[in-house]
Amino acid sequence: MTPEERTLKIQDALDGMQKRLDEMHPNGSARSTAGWQERKSGQTRITLLKAAVECLSTVGYARTTTQLVAASAEISRGAMLHHYATKAELISSVIDYVMYRRMETYRNEILKLSDHERMDDGAGIEIYWRTIVTPEYQAYLELSIASRTDDELSKVFDKKARAFDAYWFDHLTLLFPEWDNRPKEVLALARDLCTSTLEGLYINRRIMSTKARRVAVRKLLFQIMEFLRTDDPNELSKPR
């Protein structure tokens, strides 16, 4: 494949990725093609969703009510109910919003990297880490934990989380083409290891309170990822 052909292939894939993202667009923000009234309504919903994220990240799921979100957003109770009549409706949109925003931000930041930054400096891991240390991820974590004991929330959260997870796995080699020639199971292992390590690191950040410890873990993770990308995965099961 010539460089020109590869460029066209990547652009086609990016267009497809954007189309899929548009299909998963959160119920709360207006699209670029929307009219004035829809954009105005969309902006109000975004304000409410941001306020809900802030409430979830600071007071938790149980104490996040539509009244609290409306007050935090400085929007009237009536306007709140016009857009989200129940907490369930609001939370459903919040789940979409936090996942969509993290995915969109991560994708855009990864595409800015040079091959050297992505492959040799571990920049992809650091960008993922930055998407975790955000109010959006804290809200996501609160919803994930609450869904363990809330059956109604679990039905919504689990379905959406699995859909977004599958979406990302399907597009990993577009963002990280250096993994394109690796077996799918190795790519899945690397993705799961990266996600579990970084999200676990965030959960334990107050215990692992020094920055040096957290940085050391991320550096070690990058070294393991490099092994998975370049070496025989069967070596993992052999005694050392």
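Heavy-atom basis, side chains included; hydrogens, waters and symmetry copies ignored. Sequence positions, counted from 1, serve as the residue numbers for this chain.
Between atom CG of residue Leu201 and atom CZ of residue Arg213 there is a gap of 9.5 Å, rounded to the nearest 0.5 Å. One distance of note links CD of Gln223 with CG of Leu228; it measures 12.5 Å at 0.5 Å rounding. Here OG1 of Thr105 is found 9.5 Å from CZ of Arg107. Values are rounded to the nearest 0.5 Å. Note that CD1 of Ile125 and CG of Leu221 are 4.0 Å apart. Values are rounded to the nearest 0.5 Å.
The shortest distance between side-chain heavy atoms of Tyr140 and Phe157 falls below 4.5 Å. Contact of the Glu226 side chain with the Arg229 side chain is registered, since non-hydrogen atoms from C-beta on lie closer than 4.5 Å. Side-chain contact between Phe164 and Asp96 is present, with at least one heavy-atom pair separated by less than 4.5 Å. Using a 4.5 Å cut-off on side-chain heavy atoms (C-beta onward), Ser92 and Ile95 make no contact.
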query = Are Leu49 and Val98 close enough, and set up right, to give a side chain to side chain contact (heavy atoms under 4.5 Å, CB included), and what steps lead you there?
reply = CA-CA 9 Å; Leu49 292 175; Val98 296; over 6 Å; no

inquiry  = Could you walk me through whether Tyr84 and Ile91 satisfy the side chain to side chain contact (heavy atoms under 4.5 Å, CB included) test, starting with their C-alpha distance in whole Å, then the side-chain angles of each, then the deciding distance to 0.1 Å, before giving a yes or no?
reply    = CA-CA 9 Å; Tyr84 301 108; Ile91 293 301; over 6 Å; no

inquiry  = Run Glu54 and Ser57 through side chain to side chain contact (heavy atoms under 4.5 Å, CB included) and show every step you take.
reply    = CA-CA 5 Å; Glu54 183 65 23; Ser57 66; 4.2 Å; yes

request  = Determine, stepwise, if the pair Met225 / Cys194 fulfils side chain to side chain contact (heavy atoms under 4.5 Å, CB included).
outcome  = CA-CA 8 Å; Met225 298 290 280; Cys194 185; 3.9 Å; yes

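Pairs of residues two or more places apart, or lying in two chains, that qualify as salt bridge (charged side-chain N to carboxylate O under 4.0 Å, His left out) and include a residue from residues 136-155 are Glu152-Lys155. Pairs passing the ring-ring contact (aromatic ring centres under 6.0 Å, His included) check and including a residue from residues 178-209, sequence neighbours excluded, read Tyr137-Tyr202. Residue pairs meeting the salt bridge (charged side-chain N to carboxylate O under 4.0 Å, His left out) criterion with at least one member in residues 119-130, sequence neighbours excluded, are Glu126-Arg218. Annotation: ring-ring contact (aromatic ring centres under 6.0 Å, His included) contacts involving residues 51-83, sequence neighbours excluded, are absent. Sequence neighbours left out, the pairs with a member in residues 187-211 that pass salt bridge (charged side-chain N to carboxylate O under 4.0 Å, His left out) are Asp165-Arg191.
Partners of Ser209 according to the side-chain contact (heavy atoms from CB on, under 4.5 Å) rule, which considers only residues two or more places apart in sequence or in another chain, do not exist here. Residues meeting the side-chain contact (heavy atoms from CB on, under 4.5 Å) test with Asp170, sequence neighbours left out: none. In this structure, Thr149 has no side chain to side chain donor-acceptor pair (under 3.5 Å) partners at least two apart in sequence or on a different chain. Every residue meeting the side-chain contact (heavy atoms from CB on, under 4.5 Å) condition with Ala88, not counting sequence neighbours, appears here in chain and number order: Thr86. In this view, Asp115 and Arg118, Met119 satisfy the side-chain contact (heavy atoms from CB on, under 4.5 Å) rule, not counting sequence neighbours. Remark: Thr131 engages Arg102 in a side chain to side chain donor-acceptor pair (under 3.5 Å) (not counting sequence neighbours).
The hydrophobic cluster containing Met99 also contains Phe169, counting ILVMFWY residues as joined when their side-chain heavy atoms lie under 4.5 angstrom apart, directly or transitively. No single ILVMFWY cluster, assembled from side-chain heavy atoms under 4.5 Å apart, contains both Val59 and Leu143. In terms of hydrophobic clustering, with Ile, Leu, Val, Met, Phe, Trp and Tyr side chains grouped at heavy-atom distances under 4.5 Å, Leu48 and Leu81 are assigned to different clusters. Cluster annotation: Ile145 and Ile132 are assigned to the same hydrophobic cluster (Ile/Leu/Val/Met/Phe/Trp/Tyr, side-chain heavy-atom contacts under 4.5 Å, transitive). A continuous path of Ile, Leu, Val, Met, Phe, Trp and Tyr side chains, each step under 4.5 Å between heavy atoms, connects Val133 with Ile127, placing both in one hydrophobic cluster.
Within 6.0 Å of atom CD in Glu74, 12 or fewer heavy atoms from other residues, nucleotides or ligands are found, so the atom counts as exposed in its surroundings.
Between the Thr173 side chain and the Phe176 main chain, no donor and acceptor come within less than 3.5 Å of each other. Judged by distance alone, with hydrogens and angles left aside, the side-chain atoms of Glu89 form a donor-acceptor pair with the main-chain N or O of Ala85 at under 3.5 Å. Not a single donor-acceptor pair under 3.5 Å links the side chain of Arg182 to the backbone N or O of Leu187.
Annotation for Gly124 and Ile110: closest pair CA-CD1, 3.7 Å, computed over non-hydrogen atoms. The minimum heavy-atom distance linking Ala79 with Ile75 is given by the pair CB-CG2, 3.4 Å.
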Side-chain donor-acceptor contacts of residues 63-73 below 3.5 Å, not counting sequence neighbours, with atom names and distances?
unit_1, atom_1, unit_2, atom_2, d
Thr64, OG1, Gly60, O, 2.6
Thr65, OG1, Leu68, N, 3.0
Thr66, OG1, Arg77, NH1, 2.7

